[in-house]
Number of protein chains: 2
Amino acid sequence: MKTRKPQKEAKSSGTITMLDVAEYAGVSAQTVSRVVGNSSLVAEKTRRRVEEAIQALRYIPNDAARSLASASSRVVAVIIPTLSSSAFAAEVKGVIDALEPHKISVIIGNTEYSQAREEAILQSLLERRPIGVILTGLQHSPKVRSLLQQSGVAVIETWDTDGDPIDMAVGFSNFTAGYDVGKLLCERGSKRIAFVGGGSAQDSRAQSRYLGLCKAVKEAKLPDVHRVELSLPMSGNDGIRGLDEVLRDAPLTDAIFFSADTMALAAILECNRRGIRIPEQLAICGFGDYELAAMVTPSLTTVRTQPDEMGATAAQMLLARISESGNAKHKVVLAHQLVRRGSA
Amino acid sequence: MKTRKPQKEAKSSGTITMLDVAEYAGVSAQTVSRVVGNSSLVAEKTRRRVEEAIQALRYIPNDAARSLASASSRVVAVIIPTLSSSAFAAEVKGVIDALEPHKISVIIGNTEYSQAREEAILQSLLERRPIGVILTGLQHSPKVRSLLQQSGVAVIETWDTDGDPIDMAVGFSNFTAGYDVGKLLCERGSKRIAFVGGGSAQDSRAQSRYLGLCKAVKEAKLPDVHRVELSLPMSGNDGIRGLDEVLRDAPLTDAIFFSADTMALAAILECNRRGIRIPEQLAICGFGDYELAAMVTPSLTTVRTQPDEMGATAAQMLLARISESGNAKHKVVLAHQLVRRGSA
DNA sequence: TTGTACGCGTTATCAA
DNA sequence: TTGATAACGCGTACAA
């Protein structure tokens with residue numbers, strides 16, 4: 001136990017509060033608050049005394065009390081479909097790293113691609129009174145929308161800019177990305193193109209890519225895209241399953257656009273094993289540009305997005321909104337890039 | 001600027017509190033509190049009235065006030081080296097999913113393998129008064145230890161059981177895992193073995209695996225393990241770099257143990273490209289059993305751990321500690337499994 | 001089964 | 001530049 005103990009109040013219940021620090025430093029609690037809050041209205045000498053007291057007593061501010069008194073928290077909520085996807089994990093990391101210097105914590109919700117879970121998780125997270133909520137995609141249930149609207153938090157929707165955001169958005173155009181892939185496949189001479197991805201209801205971003213692909217295919221006057229829907233979340237095994245389904249149901253297919261690199265990579269490896277020549281016999285295109293995409297043989301043609309950059313940008317937009325410096329952007333479209341390699 | 005309302009009658013302020021709900025339902029605030037807290041001491045009829053009021057007013061409890069009044073939070077802090085690693089991401093997901101039903105939020109800190117950052121992040125996260133802190137590994141600075149000790153939070157250390165935990169631990173024996181790999185390599189006839197991983201100071205888990213490997217190699221009376229240290233975090237490119245360094249500095253090497261599958265996978269792909277025959281010319285073993293490990297050719301021999309299970313277990317241990325049901329375990333050793341495939 | 005009084009640790013306001 | 005006081009919204013303890 002400490003040698004130095006507040007004498008006059010028997011209220012020292014073990015936890016060290018600002019009052020303890022104030023007493024130790026011979027100032028008022030308010031002055032301690034100013035020091036902790038880096039207020040400029042403190043004499044240098046006083047500040048040093050208080051900081052010494054903080055060190056000596058190992059004082060750690062209580063954020064709950066701060067939030068309650070100031071009616072504002074230091075928390076941002078991020079709701080993503082799943083942390084299993086390296087893309088979403090990278091986004092979250094971008095958010096955390098950008099917010100850490102500001103002492104803002106990030107709490108995460110996994111919806112597993114379920115709208116019902118999104119609602120429940122949002123409701124739960126709103127109890128923390130976050131200063132901002134970062135969502136995935138532009139498609140949300142009415143309940144989510146009304147919860148958001150009513151709570152008045154800043155909202156940032158990510159991964160999609162093909163629509164109107166609730167509040168702010170940062171991402172890229174999935175439609176254009178899909179269209180770009182379609183044009184590439186058409187121009188390289190593919191005639192019968194397939195798309196493998198999640199269900200349209202669950203993953204509207206993948207759906208947009210599909211629609212973009214369809215547009216390019218239509219413009220090239222090719223047969224309709226053969227679509228294989230798999231349940232989310234998708235893993236490498238789903239890539240093989242998707243490949244199998246395409247080969248079975250549309251055997252003339254000569255190009256597949258997978259909605260994620262995990263699947264495309266697995267498909268390439270499986271084709272190698274089966275002796276299916278890529279891209280001569282079957283062209284393959286992925287999405288996400290995972291690190292291994294450049295390393296497989298043939299290397300994977302894919303679309304590079306910037307998940308970490310997206311997370312960092314979302315965080316910056318939130319900070320800008322909070323500081324009300326006026327330069328808060330409402331919609332930021334990040335570049336995506338078609339990376340042409342050996343597989344298509 | 002917000003102005004405080006001196007009157008407590010004028011509850012027309014923006015935020016809806018328990019008092020508003022209480023008034024609407026014709027009960028006291030305390031009864032509302034009981035309903036929100038699922039207390040059994042509320043008449044069914046009253047409960048329904050209150051719940052209707054909550055719905056009607058769209059009341060959302062304020063967690064800061066709850067924490068302050070009850071002197072306990074609903075937050076768990078998880079501190080990991082980086083969210084870029086799928087293993088750590090899986091662990092975090094395990095924690096989140098296990099805690100979500102209990103309405104406990106998870107806040108994440110990324111140390112980037114830096115002890116200094118671990119200290120700073122921990123200090124910052126402790127302001128949220130988490131009910132538990134989940135750390136990575138058993139090696140922590142004195143400051144981290146004293147912060148933890150002083151705050152009195154429950155602590156769970158993960159990913160390593162080769163040592164004494166501060167409080168509780170869940171993980172596996174990295175030393176044994178490394179030893180297992182070493183025995184396999186020796187038994188299959190490898191004579192000159194190399195290890196590629198992070199610096200010993202930064203990643204003590206990888207260091208333990210290295211030491212286990214060395215023990216097996218020593219028992220087999222083989223030449224010392226050639227070690228290549230790379231800076232963390234490690235990516236696929238580091239696998240290729242590690243491969244290059246081994247081939248350059250220890251050209252007689254006939255087996256490499258990579259401290260993570262990301263590197264091992266990249267190395268296999270690179271060997272394929274260069275015409276290095278695996279495992280005849282060079283055996284390769286990874287760590288982590290990532291999904292692609294089974295899909296590359298030759299498939300990757302590796303060690304399977306259970307990151308998600310580890311996260312879930314850590315969460316359960318925390319819950320057990322909180323409920324003080326007495327069955328809180330102090331050290332849980334999860335199984336790891338050597339998965340022998342084609343590469344070694 | 002329900003209500004009343006009080007305090008949790010901090011910040012905002014205003015006075016000194 | 002500093003301090004006194006009053007909230008912030010809720011749970012705990014106890015009374016009814």
Side-chain angles (χ1 to χ4, degrees), chain A residues 6 9-23 25-50 53-54 57 59-74 103 126-129 151, chain B residues 1-11 13-23 25-50 53-54 57 59-74 103 126-129 151:
Chain A
E9 296 285 340
K11 296 220 176 285
S12 62
S13 55
T15 54
I16 290 150
T17 74
M18 271 191 173
L19 274 172
D20 299 313
V21 176
E23 193 173 342
V27 297
S28 75
Q30 188 50 236
T31 300
V32 177
S33 174
R34 291 190 181 103
V35 171
V36 170
N38 276 319
S39 166
S40 50
L41 317 148
V42 185
E44 193 47 47
K45 196 178 148 196
T46 312
R47 152 165 278 124
R48 250 199 311 279
R49 258 215 329 266
V50 171
I54 288 174
L57 266 38
Y59 166 68
I60 293 182
N62 183 322
D63 189 66
R66 173 164 45 207
S67 292
L68 189 57
S70 68
S72 77
S73 77
R74 293 187 181 185
K103 299 235 178 194
L126 283 179
E127 298 190 2
R128 319 282 150 171
R129 298 291 187 273
S151 67
Chain B
M1 304 291 267
K2 29 190 78 123
T3 335
R4 299 249 177 176
K5 305 259 176 179
Q7 294 282 356
K8 28 175 57 178
E9 280 302 310
K11 290 312 295 179
S13 59
T15 53
I16 289 151
T17 74
M18 273 192 172
L19 274 173
D20 299 311
V21 177
E23 194 172 341
V27 297
S28 75
Q30 186 48 44
T31 301
V32 177
S33 175
R34 291 190 180 103
V35 171
V36 170
N38 276 319
S39 166
S40 51
L41 316 147
V42 184
E44 194 46 48
K45 197 179 146 196
T46 312
R47 152 165 279 125
R48 248 199 312 279
R49 256 213 333 263
V50 171
I54 288 174
L57 266 39
Y59 167 68
I60 293 182
N62 183 323
D63 189 65
R66 171 164 46 207
S67 293
L68 190 56
S70 69
S72 77
S73 77
R74 293 186 180 185
K103 299 235 178 195
L126 284 179
E127 298 190 2
R128 319 282 149 171
R129 297 291 187 273
S151 67

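Chain identifiers are assigned alphabetically (A, B, ...) following the order of the sequence lines, protein sequences preceding nucleic acid strands; residue numbering begins at 1 within each chain. Model, not experiment: these values are computed from the prediction. When reading the values below, keep in mind they use all heavy atoms of this one structure, side chains included, and skip hydrogens, waters and symmetry mates.
- Taking atom CZ of B:R48 as the reference point, atom P of C:dT2 lies 12 Å away to the nearest angstrom.
- Within the 4.5 Å cutoff, no side-chain heavy atoms of A:V35 are placed close to those of A:T46.
- Taken from CG in A:L68 to CG in B:N62, the straight-line distance is 6.0 Å, to the nearest 0.5 Å.
- Taking atom CD1 of B:I16 as the reference point, atom C1' of D:dC8 lies 16 Å away to the nearest angstrom.
- The shortest distance between side-chain heavy atoms of A:M18 and A:S33 falls below 4.5 Å.
- Minimum atom distance to the side chain of B:R66 is reached by D:dG11, of the listed C:dT2, D:dG11, C:dT10.
- Pairing each heavy atom of A:V42 with each of A:R34, the nearest pair is CG2-CB, 3.5 Å.
- Between B:T17 and D:dG9 there is no side-chain polar atom (N or O) within less than 4.0 angstrom of OP1 or OP2.
- As a whole-Å value, the separation of A:L19 CG from D:dA6 P is 15 Å.
- When every heavy atom of B:R49 is checked against every heavy atom of B:G26, the shortest pair comes out as NH2-O, 4.0 Å.
- In this entry the distance linking CD1 of B:I60 with C1' of D:dG9 reads 14 Å, nearest Å.
- In this structure, the salt bridge (charged side-chain N to carboxylate O under 4.0 Å, His left out) partners of B:R47, at least two apart in sequence or on a different chain, are B:E51.
- Side chain of A:R66 to main chain of A:A71: no donor-acceptor pair is present (N/O by atom type, distance under 3.5 Å, no hydrogens or angles).
- Residues B:A65 and B:A43 both approach DNA chain C. Their nearest nucleotides, taken by heavy-atom distance, put B:A43 toward the 5′ side.
- For A:S67 and D:dC8, the shortest distance from a side-chain N or O to OP1 or OP2 is not below 4.0 Å.
- Across the protein-nucleic acid pair, A:D63 atom CG and C:dT10 atom C1' stand 10 Å apart, rounded to whole Å.
- Proximity note for B:N62 (side chain, C-beta onward) versus D:dG11, D:dG9, D:dC8: the nearest is D:dG9.
- Rounded to 10 degrees, the angle separating the terminal axes of the helix from C:dT1-D:dA16 to C:dA16-D:dT1 is 30°, with each axis obtained from five end pairs.
- Looking at heavy-atom distances under 4.0 Å, B:V36 makes no contact with the nucleic acid at all.
- Between A:D20 atom CG and C:dG9 atom C1' there is a gap of 11 Å when expressed in whole angstrom units.
- Within the 3.5 Å criterion, the main-chain N or O of B:D63 finds a donor-acceptor partner in the side chain of B:S67.
- Remark: B:S33 is in phosphate contact with D:dG11, judged by side-chain N or O atoms under 4.0 Å from OP1 or OP2.
- Of the candidates C:dC8, D:dA4, C:dT10, the closest approach to any side-chain atom of A:Q30 belongs to D:dA4.
- Taking 4.0 angstrom as the limit, B:S70 places none of its side-chain polar atoms (N or O) nearer than this to OP1 or OP2 of D:dC10.
- Between B:M18 atom CE and D:dA7 atom P there is a gap of 21 Å when expressed in whole angstrom units.
- Listed nucleotides D:dC8, C:dT1, D:dG3 differ in distance to B:T46; the shortest reach to its side chain belongs to C:dT1.
- A donor-acceptor contact under 3.5 Å is not formed by the side chain of B:R34 with the base of D:dG11.
- For the pair B:L126 CG and C:dG9 C1', the computed distance is 17 Å after rounding to whole Å.
- Among the nucleotides C:dG3, D:dT12, D:dG9, the one closest to any side-chain atom of A:L68 is D:dG9.
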